[in-house]
Amino acid sequence: MKKWLVRGQWSEGGDEIETLDKAWSKTINEGYDNVDGSLKCPDATGGLKKVEQRESVESSEAPQVNGSAAKEKSCHHLIQDVDKPATGPQVLAGVTVAATHLGVGCVFGFCGVALPQLTQHPAPGNITMNDFHLALFSSVISIGAAVGSAATAVPQVWLGQRVTLLFALPVALAAWVTLAASPNVWVVIAARAVQGLTVGFIAGPSNNYVAELAHSNLRGLLVGTLNTSEQLGYLLVYAVGSSSLSWRQVALVCGFLTTVLPFLGLLLLPDSPRWLAARHRLLDAHKALIFFRGPHYDSHAELVEITDQLALGKRNARDQLQEMKDPNIISVILLFTFLLLSSQFTGNFLVTTFEVPICNSTVTDLSPATGAAVTGTIRFLGSVAYLLIVERVGRKSLLIGAFLACAGALAMLGSFHYDHNNSDDVTILDWLPFISLSVFIFSTTVGFSVLYVLLGELFPTSVRSTAVAFLYSLFFTGAFVASQTYVSVVGSLGKHGAFWLYCCFNLLMAVVGGLNLPETRRRSLEDITAREPRQSTKHSYDHHRSTKPTLHANGTTRHANGHLTSKPPPQHYHMTTRRVPEDNKPNHPAHNFCKSTQTANSSL
């Protein structure tokens, strides 16, 4: 009789928080009940209890599969079903949240579409801006984003990241509509300031939400989709702006496309499991984990791991500020303060804003439309390349390589400008500015994507909302300062000196990040932010990609190819265990939750 075994529920009296790896490994030695086909698993007292399972019977004449090999194969598939979380719900949620960053890209890219019409070719009834208005039109976005990021700390703590995004999107749509219907220049600038606020309300909460809902084997990929979506927003506004539509019509199109669909999608998603657990809503947190991980994943054990770190967690923004005084958290905040402020002087802003003047200062001529299209396309390709390699390469290696490539590109670009100013003929190097800019744009997109991922990973859940809001505020403040100092730097050092200065900042980013940032790939958020080093948990261990065998509680070893052996592994093999709360702590939230669910199941 051929059967397919899937994870069943624990029978009454069993310990729901007991390590599943130990239970499944014991079945190798204890065997199956060949009479009724049920799988025997140990209970809390060490005895055997039958576990409910679904089965599909083909025909009674079919040959029965016996032997240890069949047992090992069936148990291996059973372990895989329990260990492996569902991918579809996580990807769907990540793409839905990433759609909010389409609007972020459109807000920043709108300058390139609107400014030519507002300055050079005003139509009858349109608004004309002077230099002072133009400076405000561009810089007020960074100021508004800095204020908006700082203001998200309280709503993220009390309402959650998802609800914060739901409040931000209608405001963003109203800002786009107001911009399109602006009667004068000051209403335009006010609408842009509100757009900056909504950028701040979207950036931090979306990063935290995706980081907290994603499993460790998908977190880098899903957080990276936020930057990919932002680059698509640049391309979207450039594509719409290249048509015959006026800047007012472009504002309406971008407003509705980037707010309505993400809003509807967020209504269908649950809140972050970690935020729900921090609010002591354990039943809702468990339901959210089942939604994102699938029904066959061991959500109970992950909830225990989450609540174990949140047992003494804080519940409001003021308490989070108090907890941020912890020396370990202060060190991470200081590190990211340096990295995020320094990143604004790596040349990312100047290339984004001034790529056309940079290229036009050489022999190569580049129209504004062509320059915007080329820059947006290269940035999009860089974000896609990040998605392809982020789960195959360590975070630190990727960050170091990206910023070293940026430093080399800017060094070559500075050398070209130096030769251009001190040599009569550099036509043989006409290709160098475009190649250098392309390499820099591609690499800086990858480097900033890594920074965004690490920003959501290195803080514990108890302070993540407040800490990330504060750091995003500093990030946008640095963007404003960089935009205001570029002209002065070029005037003092020359273009070649400015590029060499930004090259040094890229080298500094690579060195400081490489020496101080930990490796977080394939590790759970709780494992990354644990106060004391601990062994890898089942949720941060990839059974499909790992090349190290895993030693189970009964001494059996499961290898990367799926085979199970009873021979103990050598000393260098990696040990994996499950963190289980002590039974003598009845007030542990996860313990009480599991007991309540067990009672509810038995009553049904």
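Keep in mind that what you see is a predicted model, and the values were worked out from it rather than measured.
Remark: side-chain polar atoms of N207 are not paired, donor with acceptor, to backbone N or O of A203 under 3.5 angstrom. A donor-acceptor pair under 3.5 Å is formed between the side chain of S229 and the backbone N or O of A98. Not one N or O on the side chain of Q156 forms a donor-acceptor pair closer than 3.5 Å with the backbone of T164. Using a distance-only test at 3.5 Å, with no hydrogens or angles considered, no donor-acceptor pair links the side chain of S216 to the main chain of S524. A distance-only check finds a donor-acceptor pair linking the side chain of S242 to the backbone of A239 [under 3.5 Å]. Panel note: side chain Q90, backbone L92; no donor-acceptor pair is recorded below 3.5 Å.
For the atom pair OG1 (T337) and CZ (F475), the distance works out to 13.0 Å, reported to the nearest 0.5 Å. In this structure, C503 SG and H496 NE2 are separated by 13.5 Å, a value rounded to the nearest 0.5 Å. Taken from CD1 in I202 to OG1 in T258, the straight-line distance is 8.0 Å, to the nearest 0.5 Å. How far CG of L340 is from CZ of F448: 8.5 Å, rounded to the nearest 0.5 Å.
Counting heavy atoms from C-beta outward, Q484 and S139 have side chains that approach closer than 4.5 Å. Y238 has its side chain within reach of Y234: a pair of non-hydrogen atoms, C-beta onward, lies under 4.5 Å apart.
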Worksheet entry | Residues N217, E391; criterion side chain to side chain donor-acceptor pair (under 3.5 Å); working and verdict | CA-CA 7 Å; N217 61 1; E391 296 300 342; over 6 Å; no
Item to complete: Show the numbers, then the answer: is there a salt bridge (charged side-chain N to carboxylate O under 4.0 Å, His left out) between R379 and E230?
Response: CA-CA 10 Å; R379 285 186 176 274; E230 183 175 335; over 6 Å; no
Discussion item. Between W176 and F110, does the ring pair (Phe, Tyr, Trp, His ring centres under 6.0 Å) criterion hold? Intermediate values first, please.
Written reply: CA-CA 11 Å; W176 281 108; F110 187 74; 5.7 Å; yes
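Side-chain contact of N227 with Q231: a donor-acceptor pair under 3.5 Å is present, judged by distance alone.
Considering every non-hydrogen atom in both I141 and F108, the closest pair reads CG2-CE2, 3.5 Å.
For the salt bridge (charged side-chain N to carboxylate O under 4.0 Å, His left out) test, residues two or more places apart in sequence or in another chain that qualify with E212 are R464. Taking R219 as the reference, E457 meet the salt bridge (charged side-chain N to carboxylate O under 4.0 Å, His left out) condition, with sequence neighbours excluded.
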